[in-house]
Structure formats: C-alpha cells, structure tokens
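Working notes, structure below.
The structure presented is a predicted model; accordingly, all values stated were derived computationally and were not measured. Numbers here simply count residues along the sequence, with the first being 1. Just follow the structure's listing: the first ligand is 1, and inside any ligand the first atom is 1.
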Amino acid sequence: MMRDVKLILLGAPGAGKGTQAEIISKNYAIPAISTGAIIRAAIKNGTEMGKAAREYTDRGALVPDSVVIGIIKERLAEPDCAGGFILDGFPRTVPQAQALDEMGVEITDVISIEVPDESILERMGGRRVCKACGATYHVKYNPSPLGDRCACGEALTIRADDDPEVVKSRLVTYHEQTEPLKEYYSAKGKLKIVIGQEKLEDTTALVSAALDA
Ligand code: ADP
Ligand code: ZN
C-alpha cells in the first residue's frame, strides 16, 4: 500500500508546478487541484466569482484569500480527495496556509520547485494554451506536434497574464506573498526543495525522489 500523499507544490508562476502536479496525479492516482485552473474556468463560464476574480488575475494580482479559501474548502470536501491530493497554486499566502491548518487538513509533504526569475520570464514568454481543451505547450520546450495549433486542432493562444509585464508583477507577488510559505512549512519540518531542471522529466525524477525520501 502506498502512503497517503497530501502534497503542496510551491514555486513561482511558470516553475512547472502544473505539469509536475499532473504527472504525480497519475502516478499516485490522486487528484491535482489547481486554484488557477478553477478560477480560469469560472472566468470562462462567466460566473459571479469569475467576474470578480478577473479584475485581479488580469493584472497579475492575487484573488482575495476569502475567495480561494472557499474554493479549496469545497474542493477538498469532495470524496476523491479522501486518499490524498496535490495542491497546485494553493496556498499562496500565509493566511491561506493558516486557513488550511484550521480546516484540519494534514499536509504530508511540501515541495518547492525553484527556478530563477530570468528562466521564468523566458518560459512564460513561450507558453501557449488551447482555449478549447486546456492543453499547454511551450514553443521551445514542449511544442505542439501541429505547430501553432493544439493537438486537438484549435489555434493556440497566449494567456493574458503571460504578457511579460504581467509576468514580472506576478513574480514580485510571488516573492512578497508566497515565498514566506517556505519558512512557514520548513518550521513544521515539511519543506523539501527541488531545483527545477530544464527537462521536465528530470524535474519529475527529483520530485519523485523527494516524495519517496
Ligand atoms: P501560475 O501560472 O501563476 O501558477 P495559476 O494558473 O496558478 O498561475 O493562477 C493564475 C491566477 O489565478 C493567479 O495569478 C492569481 O491571480 C489567481 N490565483 C490562483 N491561485 C490563487 C491563490 N491561491 N490565491 C490567490 N490567487 C490565486
Ligand atoms: Zn486543444
């Protein structure tokens, strides 16, 4: 029997959390929960929450804690989370981490994927997304087999918040508001650091090793 994994992935926007979350999700058969993906879906569907969130996401700011805490509370109550889960993009502030503790959620692992800001700017500049199926690519590191079209056939687009100026402010937000969580979880003896590698499978190997250690 594999142990329960209740994992938080920390890392700057573009550090590769989402990709690693999907891989771990398959390997451990546990859901990967991305607050960013949930928020984007709400924006796309034009819900009240989506409309309110958009004012923040478009300028690279964080959505208010109360909103994302509500999202996570609902999601973690779903039955598929009982045997473990991966949080990608939550918590992103100390109050969000405290809220998770107050919910009684027992996090087993926290892995921070570290990538220098300069590499992030290069990566995000090349990121392309498919609005139809949600797939993400990178023009250099993970190109679509169909070039500027998704494997599903839809034309690829650049996310509004991947604009370089917006990316810079997201990095500032990360360093100011999210990075203090490393201290928060290291004080609880839960933090493991993984240096993000150029090849995503090399990062996966390091993340797996951190989980098995
Ligand atoms: P990234 O590429 O930065 O990892 P995400 O897809 O995780 O982006 O999130 C996109 C946007 O959604 C963020 O820039 C932020 O505005 C909002 N968001 C996602 N998760 C949170 C959170 N935990 N707290 C506040 N805002 C969030
Ligand atoms: Zn697609």
All side-chain hydrogen bond (donor to acceptor under 3.5 Å, both in side chains) counterparts of Lys182, not counting sequence neighbours: Glu114, Glu179
Location of contacts on Arg159 toward ligand 1, heavy atoms closer than 4.0 Å: side chain
Test item: Thr19 and His138 side chains (from C-beta on) under 4.5 Å apart, heavy atoms: no
Atom indices of ligand 1, in the order listed, that fall short of 4.0 Å to a heavy atom of Thr57: 11 (C), 12 (O), 16 (O), 17 (C)
Ligand 1 contact by Arg127, heavy-atom criterion under 4.0 angstrom: yes
The Zn ion (ligand 2) neighbourhood, protein N/O/S only, threshold under 2.8 Å: Cys130 SG, Cys133 SG, Cys150 SG, Cys152 SG
Pairs meeting criterion ring pair (Phe, Tyr, Trp, His ring centres under 6.0 Å) with involvement of residues 168-208, two or more places apart: none
Shortest protein contact, atom 26 (N) of ligand 1 (heavy atom only): Val63 N, 3.0 Å
Closest protein heavy atom to atom 18 (N) of ligand 1, given as residue, atom name and distance to 0.1 Å: Ile39 CD1, 3.6 Å
Sub-4.0 Å heavy-atom approach of Arg59 to ligand 1: no
Check: Leu121 and Leu171 side chains under 4.5 Å, non-hydrogen atoms: yes
Shortest heavy-atom approach to atom 21 (C) of ligand 1 - which of Arg92, Arg170, Gln177: Arg92
Distance-only N or O hit between ligand 1 and Ala61, under 3.5 Å: yes
Heavy-atom check, side chain of Phe90 versus side chain of Ile33, under 4.5 Å: no
Atom 9 (O) of ligand 1: the protein heavy-atom neighbour that sits closest, reported with distance to 0.1 Å: Gly36 CA, 3.4 Å
Polar atom proximity, Gly89 to ligand 1 (N or O, under 3.5 Å): yes
Protein heavy atom at shortest distance from atom 24 (N) of ligand 1: Gln96 NE2, 2.9 Å
Heavy-atom side-chain contact between Ile8 and Leu100 under 4.5 Å: yes
Quick one: side chains of residues 142-156, donor-acceptor pairs under 3.5 Å with protein atoms, not counting sequence neighbours, listed by atom name and distance.
{"residue": "Asn142", "atom": "ND2", "partner": "Thr136", "partner atom": "O", "Å": "3.4"}
{"residue": "Ser144", "atom": "OG", "partner": "Leu146", "partner atom": "N", "Å": "3.0"}
{"residue": "Ser144", "atom": "OG", "partner": "Arg149", "partner atom": "O", "Å": "2.5"}
{"residue": "Arg149", "atom": "NH1", "partner": "Gly153", "partner atom": "O", "Å": "2.7"}

Polar atom proximity, Met124 to ligand 1 (N or O, under 3.5 Å): no
Asp161 N/O under 3.5 Å from ligand 1 N/O: no
Spatial distance of atom CD1 (Ile111) from atom CG (Leu191) [nearest 0.5 Å]: 9.0 Å
Close side-chain approach of Phe85 and Asp4, heavy atoms under 4.5 Å: no
Polar proximity ligand 1 side, Arg40 side, N/O cut 3.5 Å exclusive: yes
Per-atom contacts of ligand 1 with Thr35, taking only distances under 4.0 Å to non-hydrogen atoms: 19 (C), 20 (N), 21 (C), 23 (N)
Enumerated ligand 1 atoms positioned under 4.0 Å from heavy atoms of Lys17: 4 (O)
Exceeds 12 heavy-atom contacts within 6.0 angstrom, atom CD of Glu106: no
Heavy-atom side-chain contact between Met124 and Pro13 under 4.5 Å: yes
Heavy-atom closest pair, residues Leu181 and Ala97: CD2-CB, 3.6 Å
Closest heavy-atom pair and its distance - Asp162, Val167: O-CG2, 3.4 Å
Min side-chain heavy-atom separation Pro31-Arg75 under 4.5 Å: yes
